[in-house]
Amino acid sequence: MAIKKSRYTITSALPYANGPVHIGHLAGVYIPADIYARYLRLKGEEVLFIGGSDEHGVPITIKAKNENTTPQAIVDRYHAIIKKSFEELGISFDIYSRTSNPIHHETAADFFTKLFNEGKLIAKISQQYYDEEANQFLADRYITGTCPFCNNEQAYGDQCEACGTSLNATDLINPKSALSGNIPVLKETKHWYLPLDQYESWLKEWILKGHKEDWKSNVYGQCKSWIEQGLQPRAVTRDLDWGVKVPLKEAEGKVLYVWFDAPIGYISATKEWAQEHHQDWEKWWKAEDTQLVHFIGKDNIVFHCIIFPCMLKAEGSYIFPDNVPANEFLNLENDKISTSRNWAVWLHEYLEEFKDKQDVLRYTLTTIAPETKDSDFTWTDFQAKNNNELLAIFGNLVNRTVVLTHKYYEGIIPEHGEYSDYEKEIIAKIAEFPKIIGDSIEKYRFREALAEFMNLARVGNKYLTDTEPWKKQKENPEAVKTILHLSLQICASLSVLGEPFLPFTSRKLQKMLNINVHNWEAGGRTDLLKAGDPINQPEYLFEKIEDTTVEAQVRKLEEAKTQNLINRNNVQPAKEDVTYDDFQKMDIRICTVLAAEKVTKTKKLLKLKVDTGIDQRDIVSGIAEYYEPEHLIGKQVLMLINLAPKEIKGVASHGMVLMAENSNGELTLVQPDKAVKSGSIVK
RNA sequence: GGCGGGGUAGCUCAGUUGGUUAGAGCGUCGGAUUCAUAACCCGGAGGUCACGAGUUCAACUCUCGUUCCCGCCA
């Protein structure tokens with residue numbers, strides 16, 4: 001039996017606080033969620049829109065260690081950046097919380113305790129790697145070793161980044177602790193598990209039968225495969241010191257696994273909000289007439305569709321998500337977005353560099369939102385969406401209407417006369433838009449919804465072009481009054497219906513029109529403006545974005561790419577420019593090795609006798625680890641022969657053999673492609 | 001490797017239960033226009049619907065195989 005839902009709890013995936021938010025997060029999760037929340041509020045629904053930072057887990061502890069600081073310092077830094085940038089983009093969270101808050105620790109611990117006390121968890125003892133020097137168990141990420149598949153020596157305990165294979169820490173050959181460098185030992189440890197397998201039949205009923213029609217195919221398909229393959233108990237605790245402490249005496253030094261505590265973050269955020277607003281939190285999570293919707297990316301499907309619901313089911317008093325409209329992924333300029341590779345457009349940087357252009361980003365990302373498949377953001381596309389759509393269609397309609405109103409009526413809204421049949425058709429069309437756009441939003445088809453919104457602006461442009469008020473003003477000024485009256489009403493509708501997508505522009509437009517309407521259904525009316533009321537001076541809603549602006553952004557990305565290559569290959573950055581004269585001071589020549597012997601009592605040094613074409617001289621070179629002396633005789637090498645003489649380990653050296661050094665510090669000779677005469681100059 | 005999702009015009013994407021000449025926006029080309037940030041409005045061109053086989057009177061749509069991309073898991 002269908003229950004009429006009258007209250008909406010909307011959650012958006014908690015961004016992980018080890019980096020700022022980028023456009024991929026926005027297009028996939030936060031902008032769709034915000035549109036949905038804003039729309040429902042305009043409809044007069046009861047809405048709670050929840051966000052917050054996910055601040056636990058191993059990667060944060062690793063980052064803290066790498067930066068020689070504390071996990072708390074890391075999460076404080078990113079939580080602040082993320083929270084501020086969401087606010088500035090107009091993501092209308094009712095609360096943006098964080099999982100390091102005491103209320104969250106308490107809520108998550110209580111949740112665990114309830115499951116524990118009711119026997120909903122099972123305990124198991126397993127073998128885990130332990131670092132005896134650091135005195136702690138090692139997370140998979142804290143163990144490195146040789147990958148059994150590709151022999152990469154830098155593989156992590158959970159994955160080899162060279163060949164991409166997922167691993168167990170115990171698979172690694174020669175495992176080493178990242179904390180101390182020591183060889184870890186296997187040690188017994190006790191953990192608690194949520195027996196997902198016990199919920200299989202319930203999941204089948206609830207998802208496979210209950211949501212076959214209304215969940216997106218990517219979401220449903222993934223759930224189906226998980227459920228049908230058979231679920232395994234999943235550990236809910238971890239040996240780690242950063243996170244929510246497991247509230248059991250016997251669990252000293254253990255925390256809740258981050259996937260267990262993070263979704264509870266939605267609940268604790270609700271409690272926090274309720275406390276601040278002196279309201280009841282429980283109806284948002286327990287009332288049958290509350291609709292719970294999780295906005296997430298596709299990597300999070302199983303957590304929100306299977307694991308978290310099982311937690312809620314185990315607890316027993318909660319409702320389950322009505323829908324989990326997971327999006328696919330957004331690429332950037334044809335390449336995967338990556339925080340570690342710095343291949344991203346960071347929200348906080350965008351807001352700095354594109355002042356007052358929040359809606360341009362919101363618009364662009366909505367039109368390319370990866371609703372059904374991965375999509376791609378490019379800066380030229382961004383520019384085109386602004387210049388050819390927002391500005392040309394929406395901005396231009398408002399501008400031409402407002403300019404004409406000022407030109408003909410000094411900014412006073414004119415009376416309309418009798419509407420023609422054509423105008424009646426337009427009025428009827430406008431009336432349909434709240435439903436057309438709303439239907440798309442309710443089906444989580446935000447791209448389509450926004451396209452429909454733009455169609456309303458097109459209706460306005462066509463109306464003006466068809467009726468040509470600038471021609472009629474002389475012969476039939478009465479008709480022009482009607483035309484501009486109706487055109488202004490269309491602008492008013494746009495200001496109402498645009499609010500979920502373009503909140504800043506809507507506000508600006510309403511200010512220009514001197515109205516303050518926040519009611520979705522009113523967006524279909526053509527009496528929002530009253531004849532005789534004044535409107536304000538025209539202002540551009542959007543500004544043209546020039547080629548140079550987007551070119552600069554592309555350049556910035558290219559620089560990130562170059563920097564990345566340097567980092568990855570461990571290549572030295574380029575040195576300062578030198579003049580040709582500087583270069584000419586170097587006397588570099590091809591010389592032939594005549595004799596070679598080891599310098600006694602040294603490991604690295606060879607003494608070479610070389611023919612420079614000018615003379616024969618001795619030089620000392622640190623290549624004994626890479627070349628046998630007898631191997632070098634007769635070889636041609638590059639030499640800097642005017643390097644000031646220096647005595648090394650008792651041997652006078654009159655020059656330097658030039659070598660190539662790779663990132664491991666290994667040396668190799670550089671030789672001419674063809675044999676040349678000794679003494680040939682290198683230039 | 002197993003599983004899930006996806007590969008449709010230059011670009012970003014729609015295509016409902018298989019059915020007449022496969023759609024939209026942007027770009028492009030042409031026309032019309034000048035109120036408007038050279039914007040708006042009208043029209044045209046552009047697709048062997050990843051590839052190969054099969055089922056069918058009929059397949060972008062169903063089945064099988066191949067291939068590429070993304071995700072989840074091992």
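In what follows, chains carry the letters A, B, and so on, assigned in the order in which the sequence lines appear, proteins first and then strands, with residues in each chain numbered from 1. Just so you know, these numbers use all the heavy atoms, side chains as well, and skip hydrogens, waters and symmetry mates. None of these values were measured; they are calculated from a predicted model.
When the nucleotides B:C70, B:C72, B:C13 are ranked by their closest atom to the side chain of A:Asp299, B:C72 comes out on top. Nearest nucleotide to the A:Arg400 side chain, out of B:G4, B:A14, B:C35: B:C35. In the set B:U37, B:C13, B:C3, the nucleotide with an atom closest to the side chain of A:Leu391 is B:U37. Of the candidates B:U37, B:C13, B:G5, the closest approach to any side-chain atom of A:Lys544 belongs to B:U37.
Projected onto RNA chain B by closest heavy-atom contact, A:Asn461 and A:Asp374 fall at different nucleotides, the more 5' of which corresponds to A:Asn461. Position along RNA chain B of the nearest nucleotide to A:Gln229 versus A:Lys336 favours A:Gln229 as the more 5'-ward residue.
The cationic atom of A:Lys124 (NZ for Lys, CZ for Arg) does not lie both less than 6.0 Å from the six-membered ring centre of A:Trp192 and within 45° of the ring axis.
Evaluation of the side-chain contact (heavy atoms from CB on, under 4.5 Å) rule for A:Ala392 yields no partner, not counting sequence neighbours.
Contact of A:Asn396 with B:A36 (side chain to base): a donor-acceptor pair of N or O atoms is detected under 3.5 Å.
An anti base is found at B:G30: its glycosidic angle is more than 90° from 0.
Within 4.0 Å (heavy atoms only), A:Lys471 reaches sugar-phosphate atoms of the nucleic acid but no base atom. Among the heavy atoms of the strands, none lies under 4.0 Å from A:Lys224. A:Ile337 comes within 4.0 angstrom of nothing in the nucleic acid, heavy atoms only. Residue A:Phe329 is classed as a sugar-phosphate contact, given heavy-atom separations below 4.0 Å to backbone atoms only. Counting any heavy atom pair closer than 4.0 Å across all strands shown, A:Ala392 reaches sugar-phosphate atoms only and no base atom. Using a 4.0 Å heavy-atom distance criterion, A:Lys462 is classed as a sugar-phosphate-only contact. When heavy atoms are screened at a 4.0 angstrom cut-off, A:Lys407 is found touching the sugar-phosphate backbone but no base atom. Contact annotation for A:Ile368: backbone-only contact, meaning every heavy-atom pair under 4.0 Å involves sugar-phosphate atoms and none involves a base. Contacts of A:Phe542 with the nucleic acid, taken as non-hydrogen atoms under 4.0 Å apart, include base atoms. As judged by a 4.0 angstrom heavy-atom cut-off over every strand, A:Glu389 is placed among residues touching the sugar-phosphate backbone only.
Rounded to whole Å, the separation between the C1' atoms of B:U16 and B:G31 comes to 36 Å. One C1' atom belongs to B:U21, the other to B:G25, and the distance between them is 22 Å to the nearest Å. Annotation: B:C68 and B:A24 have their C1' atoms spaced 27 Å apart (nearest Å). Distance noted for atom C1' between B:G23 and B:U55: 28 Å (whole Å). B:G4 and B:C62 have their P atoms separated by 15 Å, given to the nearest Å. B:A50 sits 32 Å from B:C42 when the P atoms are compared, rounded to a whole Å. Taking atom C1' in both B:C69 and B:U33, the straight-line distance is 46 Å, to the nearest Å. Rounded to a whole angstrom, the distance from the C1' atom of B:A38 to that of B:A32 is 15 Å.
The shortest distance between the side-chain N/O atoms of A:Lys373 and the OP1/OP2 oxygens of B:A14 is below 4.0 Å. For B:G27, one of the phosphate oxygens OP1 or OP2 lies less than 4.0 angstrom from a side-chain nitrogen or oxygen of A:Asn388. At B:G6, one or more side-chain N or O atoms of A:Ser217 fall inside 4.0 Å of OP1 or OP2 (strictly under the cut-off). In this model, the phosphate group of B:U12 is not approached by any side-chain N or O of A:Arg447 to a distance below 4.0 Å at OP1 or OP2. Considering only side-chain N and O atoms, A:Thr465 lies nowhere under 4.0 angstrom from the phosphate OP1 or OP2 of B:C42.
A:Phe295 and A:Tyr36 have their aromatic ring centers within a separation under 6.0 angstrom. Here the two rings, on A:Phe354 and A:Phe382, have centers that are under 6.0 Å apart.
At a threshold of 4.5 Å between non-hydrogen side-chain atoms, the residues A:Tyr193 and A:Val236 do not count as touching.
Between the P atom of B:U34 and the NZ atom of A:Lys474 lies a distance of 12 Å, rounded to the nearest Å. As rounded to whole Å, 10 Å separates atom P of B:C73 from atom CG of A:Asn300. Between the C1' atom of B:C72 and the CZ atom of A:Phe303 lies a distance of 9 Å, rounded to the nearest Å. If you measure from atom NZ of A:Lys472 to atom C1' of B:C35, you get 13 Å, rounded to the nearest angstrom. For the pair A:Asn399 CG and B:U34 C1', the interatomic distance rounds to 14 Å; values are reported in whole Å. In this structure, A:Arg458 places its CZ atom 12 Å from P of B:A24, rounding to the nearest Å. Rounded to an integer number of Å, the gap from A:Leu330 CG to B:C70 P is 14 Å. Distance, A:Asp335 CG to B:C70 C1': 13 Å, rounded to whole Å.
Remark: B:C72 base-pairs with B:G2. Criterion, Watson-Crick or G-U wobble with two distances under 3.5 Å. Using N1 to N3 plus N6-O4 or O6-N4 for Watson-Crick, or N1-O2 and O6-N3 for G-U wobble, each under 3.5 Å, B:C51 pairs with B:G65. Across all strands shown, B:C35 forms no Watson-Crick or G-U wobble pair with both key distances under 3.5 Å. Nucleotide B:C40 forms a pair with no other nucleotide shown, judged by Watson-Crick or G-U wobble geometry with both contacts under 3.5 Å.
Judged by distance alone, with hydrogens and angles left aside, the side-chain atoms of A:His406 form a donor-acceptor pair with the main-chain N or O of A:Asn536 at under 3.5 Å. Judged by distance alone, with hydrogens and angles left aside, the side-chain atoms of A:His304 form no donor-acceptor pair with the main-chain N or O of A:Ile301 at under 3.5 Å.
A salt bridge links A:Asp34 and A:Arg362; the closest N-O separation between the charged side-chain nitrogens and carboxylate oxygens is under 4.0 Å.
Evaluation of the salt bridge (charged side-chain N to carboxylate O under 4.0 Å, His left out) test over residues 390-412 of chain A, restricted to residues two or more places apart or in two chains, returns none.
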